[in-house]
Amino acid sequence: MKKLKSMCILLPLLIAPCAGAQELALSTNMIDYLNFGTFNLGASYGFARHWSMNAGVKYNPFSFNLPWNGERVQNRQQSLALGTRYWPWHIFSGWWMEGRVQYQEYNVGGIVSQETSEGDRFGGGLAGGYTYMLNPHLNIEFGAGVWAGYDKYTKYECPVCGVVVDEGKRMFLLPSELIVSLSYVF
């Protein structure tokens, strides 16, 4: 967890000195804030006319007690994604396609049922979307992605009881994100 927090701080600082005009962008996905307040930050570095390198982090430490029945609900996570985007027209404008590798530590429960699942996921993903330039420095992005990989998990009867129902390892295929993102281009 300390390594992930260090990467969140150091990654933009390492990329920024290398960036010239219109080569660096920082973004945040507004949809993630609707997902129980998940903080997120993305950094992109354009290294060629049609290519950019991307790194993204997500962090959600929150658990909530429902007011009508007092049951606990959580979608806690910390994740790191590294990838490359191809821009057919020009970086930070128009359509794009992305390939990435991703790691996620998660703890989800109480949303559909009281059963809670936690574990670690490793995998790769594909995403696509469109970036609209609002002005020379501010963009809005729309997109969606999926990812697949390996999940080492433990399931519990409820978010706080600690009674193990199942544990194991499995392959997965999940949506990775729905994107409505604001991006600032330096």
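Rounding to the nearest 0.5 Å places CD1 of I111 at 12.5 Å from CD of E71. Interatomic distance, L41 CG to K58 NZ, rounded to the nearest 0.5 Å: 12.0 Å. Distance check: W95 CH2 to W89 CH2 gives 14.5 Å after rounding to the nearest 0.5 Å.
For the pair N40 (side chain) and N29 (backbone), a donor-acceptor distance under 3.5 Å is present. The closest donor-acceptor contact from the side chain of N35 to the backbone of T38 lies at 3.5 Å or more, if one exists at all. Distance alone, capped at 3.5 Å, is enough to place a donor-acceptor pair between the S181 side chain and the T28 backbone. A donor-acceptor contact shorter than 3.5 Å links the side chain of H50 to the backbone of P88. For the pair N54 (side chain) and Y45 (backbone), a donor-acceptor distance under 3.5 Å is absent. A side-chain donor-acceptor contact under 3.5 Å links T116 to the backbone of Q114. No side-chain donor-acceptor contact under 3.5 Å links S93 to the backbone of H90.
The two residues A25 and F92 come nearest to each other via the heavy atoms CB-CE2, 3.8 Å. The two atoms that bring I91 and G46 nearest to each other are CD1-CA, 3.6 Å, heavy atoms only. The two residues F36 and F62 come nearest to each other via the heavy atoms O-CD1, 3.5 Å. The nearest pair of heavy atoms linking E157 to V165 is N-CG2, 3.5 Å. Considering every non-hydrogen atom in both I179 and A144, the closest pair reads CD1-N, 4.3 Å. Closest approach of V146 to S176, counting heavy atoms only: N-OG, 3.5 Å.
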Given salt bridge (charged side-chain N to carboxylate O under 4.0 Å, His left out), test E118 with K155 step by step and report yes or no. CA-CA 7 Å; E118 71 177 15; K155 287 187 179 180; over 6 Å; no
Tell me, with the steps shown, if L134 and I140 meet side chain to side chain contact (heavy atoms under 4.5 Å, CB included). CA-CA 7 Å; L134 299 172; I140 188 166; 4.2 Å; yes
With side chain to side chain donor-acceptor pair (under 3.5 Å) as the criterion, how do Q77 and N107 come out once you've worked through the C-alpha distance, each side chain's angles and the decisive distance to 0.1 Å? CA-CA 6 Å; Q77 67 170 301; N107 186 325; over 6 Å; no
Could you go through Q104 and S79, starting from their C-alpha distance and side-chain angles, then the distance that decides it, and tell me whether this counts as side chain to side chain donor-acceptor pair (under 3.5 Å)? CA-CA 4 Å; Q104 179 184 54; S79 65; 5.0 Å; no
For a side chain to side chain contact (heavy atoms under 4.5 Å, CB included) check, start with the C-alpha distance between S52 and W87, then their side-chain angles and the critical distance, and finish with the verdict. CA-CA 8 Å; S52 66; W87 304 80; 3.0 Å; yes
Pair Y156-T154, side chain to side chain contact (heavy atoms under 4.5 Å, CB included): steps then yes or no: CA-CA 7 Å; Y156 299 95; T154 304; 3.5 Å; yes
Steps toward ring pair (Phe, Tyr, Trp, His ring centres under 6.0 Å) verdict (Y130, W96): CA-CA 6 Å; Y130 186 82; W96 52 266; 9.6 Å; no
F186 and L26: side chain to side chain contact (heavy atoms under 4.5 Å, CB included), yes or no, with the steps? CA-CA 8 Å; F186 293 89; L26 294 176; 3.8 Å; yes
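You'll find the side chain of Y59 stays beyond 4.5 Å of the side chain of V57, heavy atoms only. Under the 4.5 Å side-chain criterion, counting only non-hydrogen atoms from C-beta, N139 is not in contact with Y132.
None of Y106, Y153, Y150, Y103 except one satisfies the side-chain contact (heavy atoms from CB on, under 4.5 Å) rule with R121; the exception is Y106.
With a 6.0 Å cutoff to the six-membered ring centre and a 45° limit on the axis angle, R72 does not count as a cation-pi contact of F64.
We find that R76 and E105 are not joined by a salt bridge, their nearest charged nitrogen and carboxylate oxygen being 4.0 Å or further apart. The existence of a salt bridge linking D151 and R170 is confirmed by a sub-4.0 Å separation between a basic side-chain nitrogen and an acidic carboxylate oxygen.
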